[in-house]
2 protein chains.
Amino acid sequence: MLTQKAKYGLKALAVLAEAGAAAPARRATLPIHEIAERARAPRKFLEAILLDLRRHGFVDSLRGKSGGYALARPATQIALSDLIRAIDGPLAPIPCASLTAYRPCVDCAEPADCAIRRVMRQVRDATAEILDGTMLADIATPTPRPAVTALLDAVTERA
Amino acid sequence: MLTQKAKYGLKALAVLAEAGAAAPARRATLPIHEIAERARAPRKFLEAILLDLRRHGFVDSLRGKSGGYALARPATQIALSDLIRAIDGPLAPIPCASLTAYRPCVDCAEPADCAIRRVMRQVRDATAEILDGTMLADIATPTPRPAVTALLDAVTERA
DNA sequence: TCGAATCCCCATCATCCCGATAGGGTTTCG
DNA sequence: CGAAACCCTATCGGGATGATGGGGATTCGA
């Protein structure tokens with residue numbers, strides 16, 4: 001399960017990406033109350049999340065009046081997988097199926113023989129492939145055009 | 001995350017499937033202490049899980065002396081996806097991306113426009129495809145043959 | 001220089017889930 | 001009858017989750 005925290009984090013950074021796309025000249029810096037409003041996230045809670053994302057190097061912060069948060073890198077270079085890992089931890093359904101944070105199971109005799117691990121590794125790989133390939137820029141909607149998004153949705157709906 | 005509960009459940013049913021494969025004549029019925037031992041699961045905890053799986057129709061139980069649990073259907077007809085859904089709930093990372101248990105997000109304006117939902121739907125679909133296609137029989141090891149499993153593992157390892 | 005806006009940090013909180021155990025009731029076989 | 005098994009309910013500690021509050025530090029702009 002994606003936690004609410006990670007979801008707010010994604011939405012917040014998407015907001016930043018959108019603001020950046022609107023004014024490509026310099027990096028958009030938004031104060032937290034504005035991010036919170038646009039992302040529909042509780043202000044105080046979001047604050048903790050953004051602090052965390054700053055420590056992880058996803059955003060830069062500017063203190064003092066007219067301060068705020070900005071993306072540390074271009075939105076085309078921030079993969080959702082990294083973001084989610086930073087907030088929620090490994091993508092794999094179980095630790096023994098993780099590549100980035102492998103930990104053996106206590107209740108399994110031979111990890112190499114474990115069929116469950118093998119299946120969960122497949123799930124992890126499939127998930128990682130999607131999330132590695134989806135950048136922040138891909139989920140930031142420059143300006144929502146109803147006709148296009150409805151069409152796109154119909155396609156994904158069918159899958 | 002796959003809960004420990006679901007993992008024990010999978011392992012327990014795999015044990016049942018293995019016992020059934022060893023003696024294909026009639027369905028194997030094993031007492032819980034034996035299942036617990038082979039699956040390396042705490043006996044009492046497993047009891048609650050198997051009770052639950054019975055209510056969901058995955059296993060039949062026999063009461064009284066020389067009783068036990070048996071698969072309600074052939075192991076080739078029980079998909080991991082159904083098992084996991086029964087114990088852990090929806091496969092989708094977020095409720096609004098679930099097919100079998102859709103619930104709209106409170107913090108999203110237009111579900112149809114939500115890019116996060118779209119990505120998570122992809123993840124869900126990929127996960128479901130793997131788990132729908134993997135049957136209990138696929139994770140039950142009839143008799144472990146080290147050479148073969150090592151080879152298989154090398155393949156999945158590379159992925 | 002002052003003050004307001006902002007980020008920064010810590011502590012706390014209620015609630016729920018997770019993993020597990022205890023104890024006793026009911027059924028059935030031998 | 002009695003032993004072995006399933007069945008059910010209650011409980012419990014610990015940790016994660018989703019927040020909120022208060023107050024300190026920093027900086028811009030008037």
Side-chain angles (χ1 to χ4, degrees), chain A residues 1-12 16 27-37 39-72 84 86-90 93-95 105-107, chain B residues 1-12 16 27-37 39-72 84 86-90 93-95 105-107:
Chain A
M1 269 291 266
L2 196 76
T3 61
Q4 197 62 21
K5 205 167 169 177
K7 199 179 169 194
Y8 286 149
L10 289 183
K11 289 173 78 175
L16 248 28
R27 276 190 313 178
T29 296
L30 298 183
I32 197 163
H33 70 83
E34 191 159 345
I35 304 177
E37 195 178 325
R40 293 174 164 232
R43 191 191 159 284
K44 261 310 202 179
F45 192 29
L46 187 59
E47 198 174 336
I49 297 168
L50 283 174
L51 257 334
D52 212 44
L53 289 178
R54 183 192 52 114
R55 292 188 199 104
H56 278 93
F58 291 104
V59 296
D60 293 328
S61 62
L62 235 70
R63 306 180 65 162
K65 195 168 180 178
S66 77
Y69 295 91
L71 293 181
I84 292 174
I87 302 180
D88 277 356
I94 40 178
C105 303
V106 200
D107 58 313
Chain B
M1 268 291 267
L2 196 75
T3 60
Q4 197 62 20
K5 207 165 166 178
K7 198 177 169 197
Y8 286 148
L10 289 183
K11 289 173 76 175
L16 248 26
R27 278 190 312 178
T29 297
L30 299 182
I32 198 166
H33 71 83
E34 190 158 345
I35 303 177
E37 196 178 323
R40 291 175 165 234
R43 189 190 160 286
K44 262 309 201 181
F45 193 26
L46 186 59
E47 198 174 337
I49 298 167
L50 283 175
L51 257 335
D52 213 42
L53 289 179
R54 183 193 53 113
R55 291 189 198 104
H56 277 94
F58 291 104
V59 294
D60 293 329
S61 63
L62 235 71
R63 306 181 67 161
K65 194 168 180 178
S66 76
Y69 294 91
L71 293 181
I84 292 174
I87 301 180
D88 277 355
I94 40 177
C105 303
V106 200
D107 58 315

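Owing to the predicted nature of the structure, the values given are computational and were not obtained by experimental measurement. Letters go in sequence order (proteins before strands), and every chain restarts at 1.
Here the P atom of nucleotide C/dT28 and the CD1 atom of B/Ile32 are 18 Å apart, to the nearest Å. Put simply, CG on B/Asp88 is 7 Å from P on C/dC18, counting in whole angstrom units. Following rounding to the nearest Å, B/Tyr8 (OH) and C/dC18 (P) show an atom-to-atom distance of 14 Å. The separation between B/Arg55 atom CZ and D/dC7 atom C1' is 8 Å, rounded to whole Å. For the pair B/Ile35 CD1 and D/dA5 C1', the interatomic distance rounds to 12 Å; values are reported in whole Å. When the P atom of D/dG18 is taken as reference, atom CG of B/Asp107 falls 11 Å away, rounded to whole Å. Rounded to whole Å, the distance from CG on B/Leu53 to P on D/dC6 is 14 Å. A/Gln4 has its CD atom 12 Å from the P atom of D/dT20, to the nearest Å.
Nearer to the 5' terminus of DNA chain D, by closest-nucleotide assignment, is the contact made by B/Tyr69 (compared with the other of B/Tyr69 and A/Ala6). The 5' end of DNA chain C is approached more closely, in terms of each residue's nearest nucleotide, by A/Pro31 than by the other of B/Leu2 and A/Pro31.
Side-chain atoms of A/Pro90 and B/Met1, non-hydrogen and from C-beta on, never get closer than 4.5 Å to each other. Counting heavy atoms from C-beta outward, A/Asp60 and A/Thr29 have side chains that stay 4.5 Å or more apart.
Remark: the backbone N or O of A/Ile87 is not paired with any side-chain donor or acceptor of A/Asp52 at under 3.5 angstrom. The backbone N or O of A/Leu71 lies less than 3.5 Å from a partner atom in the side chain of A/Arg27, making a donor-acceptor pair.
In this view, B/Tyr8 and B/Phe45 satisfy the ring-ring contact (aromatic ring centres under 6.0 Å, His included) rule, not counting sequence neighbours.
Considering only side-chain atoms of B/His33, the nucleotide from C/dG24, D/dA5, D/dA19 that sits closest is D/dA5.
For A/Arg43 and D/dG21, the shortest distance from a side-chain N or O to OP1 or OP2 is not below 4.0 Å.
Within a 6.0 Å sphere centred on CD of B/Glu37, other residues, nucleotides and ligands contribute 12 heavy atoms or fewer.
One can find a donor-acceptor pair under 3.5 Å joining the base of C/dG23 and the side-chain atoms of B/Lys44.
Nearest heavy-atom pair across B/Gly57 and B/Ala72 is O-CB, 3.4 Å. Across A/Cys105 and B/Lys7, no two heavy atoms sit closer than the pair SG-NZ, 3.0 Å. Here the shortest heavy-atom pairing between B/Ala12 and B/Leu46 reads CB-CD1, 3.8 Å.
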Give each protein N/O atom lying under 3.5 Å from an N/O atom of nucleotides 27-30 of chain D, with the pair distance.
{"residue": "D/dT27", "atom": "O2", "partner": "A/Lys65", "partner atom": "N", "Å": "3.2"}
{"residue": "D/dC28", "atom": "O4'", "partner": "A/Lys65", "partner atom": "O", "Å": "3.4"}

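Near DNA chain D, meaning a heavy atom under 4.0 Å away, the residues from residues 45-52 of chain B are B/Glu47, B/Leu51.
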